[in-house]
Amino acid sequence: MARMIRPLANLYEQLRRLPGVGSKTALRLAYHIIDMPAEEVRQLTEALSNAKKSIHYCSQCYNLTDGEKCAVCSDPNRDRFTICVVEQPQDIAAMERSRGYNGLYHVLHGVLSPLDGVGPDKLKIRELFQRLQQESISEIIIATNSDVEGEATAAYLSQLLKPIGITVSRIAHGLPMGGDLEYADEVTLSKALENRRVM
């Protein structure tokens with residue numbers, strides 16, 4: 001790669017730090033930003049700055065919000081007896097798109113990963129138990145990912161929650177709607193069989 005002038009190189013390096021942005025994408029974005037009109041660049045930097053200043057964690061579920069509580073926790077029409085535990089705030093957005101869930105959420109902000117130094121104390125587990133003492137919850141749905149860390153986190157939470165007497169359930173994993181068996185991997189097929197239901 002040809003040597004870049006320092007301001008362009010700095011922009012490129014900052015963009016390359018973003019998750020999912022590789023070298024080629026970072027370079028393309030850097031050149032695009034340089035070609036943008038000054039007013040659009042100002043609006044972009046202002047949007048980034050305002051988002052960082054005004055967005056924080058919901059005081060109840062730890063979703064992202066610009067108020068004291070997020071839109072879900074503030075909605076009086078939500079089922080107040082069920083909490084769906086997710087890994088990250090973006091998981092709430094995915095669940096809400098499904099329109100199949102009307103309860104509350106709790107965001108862990110990660111999963112157990114001893115190799116990365118992430119233990120229970122680094123997650124919002126203590127805060128979940130504080131909520132259970134203050135709210136009348138009848139069911140916890142664990143909706144962590146089906147990878148090794150997500151499964152370990154689900155098992156850990158289940159062990160902690162069962163003695164309390166609250167129903168603990170896990171979202172089903174398996175074949176996607178419209179998926180072909182011949183293209184499914186072994187783990188997906190195994191989960192689909194494990195999570196089968198009576199018809």
Side-chain angles (χ1 to χ4, degrees), residues 1-75 84-99 101 104-128 142-154 156-157 171 173 176 179 183 185 187-188:
M1 186 185 303
R3 188 168 173 178
M4 287 185 270
I5 57 174
R6 182 167 292 170
L8 183 59
N10 289 343
L11 177 59
Y12 164 75
E13 286 301 327
Q14 293 304 316
L15 291 168
R16 216 166 59 121
R17 291 182 179 186
L18 297 172
V21 176
S23 294
K24 288 181 182 178
T25 302
L27 189 60
R28 193 167 51 249
L29 287 171
Y31 277 110
H32 177 77
I33 290 168
I34 296 301
D35 287 339
M36 287 169 58
E39 177 59 19
E40 287 183 20
V41 174
R42 188 194 64 74
Q43 290 172 357
L44 176 62
T45 56
E46 195 174 289
L48 287 167
S49 180
N50 287 342
K52 187 61 183 169
K53 283 180 199 167
S54 63
I55 295 173
H56 52 270
Y57 295 153
C58 171
S59 62
Q60 185 170 336
C61 73
Y62 298 91
N63 187 13
L64 298 178
T65 184
D66 61 349
E68 184 191 340
K69 290 187 179 179
C70 71
V72 173
C73 290
S74 302
D75 185 348
C84 180
V85 177
V86 296
E87 293 180 16
Q88 299 293 347
Q90 52 267 39
D91 298 330
I92 292 179
M95 293 288 288
E96 288 296 289
R97 280 195 304 272
S98 77
R99 298 175 189 248
Y101 177 70
L104 302 174
Y105 294 97
H106 187 85
V107 184
L108 294 174
H109 287 278
V111 284
L112 295 173
S113 181
L115 294 176
D116 297 319
V118 181
D121 56 312
K122 297 266 178 81
L123 305 178
K124 301 291 184 191
I125 295 173
R126 185 182 306 113
E127 291 82 354
L128 174 62
I142 302 174
T144 53
N145 291 329
S146 60
D147 54 18
V148 174
E149 293 85 2
E151 291 293 337
T153 304
Y156 178 79
L157 285 174
I171 59 167
H173 298 286
Y183 299 117
D185 61 88
V187 175
T188 301

Under 3.5 Å donor-acceptor, [X] side chain and [Y] backbone:
X: Ser98; Y: Met95; result: yes
X: Asp35; Y: His32; result: no
X: His56; Y: Gly67; result: yes
X: Ser54; Y: Asn50; result: yes
X: Glu87; Y: Gly150; result: no

Measure across [X] and [Y] and return the closest heavy-atom pair with its distance rounded to 0.1 Å.
X: Leu112; Y: Pro120; answer: CD2-N, 3.4 Å
X: Tyr156; Y: Ile125; answer: CE2-CD1, 3.9 Å
X: Leu128; Y: Val85; answer: CD2-CG2, 4.1 Å
X: Leu11; Y: Ile34; answer: CD2-CD1, 4.2 Å
X: Glu127; Y: Leu123; answer: OE1-O, 4.0 Å
X: Gln60; Y: His106; answer: O-ND1, 4.2 Å

Could you measure the distance from the [atom1] atom of [X] to the [atom2] atom of [Y]? Nearest 0.5 Å is fine.
X: Ile92; Y: Arg97; atom1: CD1; atom2: CZ; result: 12.0 Å
X: Cys84; Y: Ile171; atom1: SG; atom2: CD1; result: 7.0 Å
X: Leu104; Y: Asn63; atom1: CG; atom2: CG; result: 11.5 Å
X: Leu29; Y: Met36; atom1: CG; atom2: CE; result: 10.0 Å

Taking the side chain as every heavy atom from C-beta outward, state whether Lys69 and Cys61 have any atom pair closer than 4.5 Å. no
Quick one: does Cys70's side chain get under 4.5 Å of Tyr62's, heavy atoms only? no
Crowding at OH, Tyr57 (>12 non-hydrogen neighbours, <6.0 Å): no
Should we count CD of Gln90 as having more than 12 external heavy atoms under 6.0 Å? yes
With sequence neighbours left out, the residues meeting side chain to side chain donor-acceptor pair (under 3.5 Å) with Glu96 are Arg78, Tyr105
Candidate pair Asn10 and Arg6, rule side-chain contact (heavy atoms from CB on, under 4.5 Å), full reasoning: CA-CA 6 Å; Asn10 289 343; Arg6 182 167 292 170; 3.7 Å; yes
Considering only residues two or more places apart or on different chains, which pairs with a residue in residues 114-125 satisfy side-chain hydrogen bond (donor to acceptor under 3.5 Å, both in side chains)? Ser113-Asp116
Passes side-chain contact (heavy atoms from CB on, under 4.5 Å), Gln43 versus Glu46? Steps please. CA-CA 5 Å; Gln43 290 172 357; Glu46 195 174 289; 5.6 Å; no
Can Leu108 and Leu157 be said to form a side-chain contact (heavy atoms from CB on, under 4.5 Å), step by step? CA-CA 11 Å; Leu108 294 174; Leu157 285 174; 4.0 Å; yes
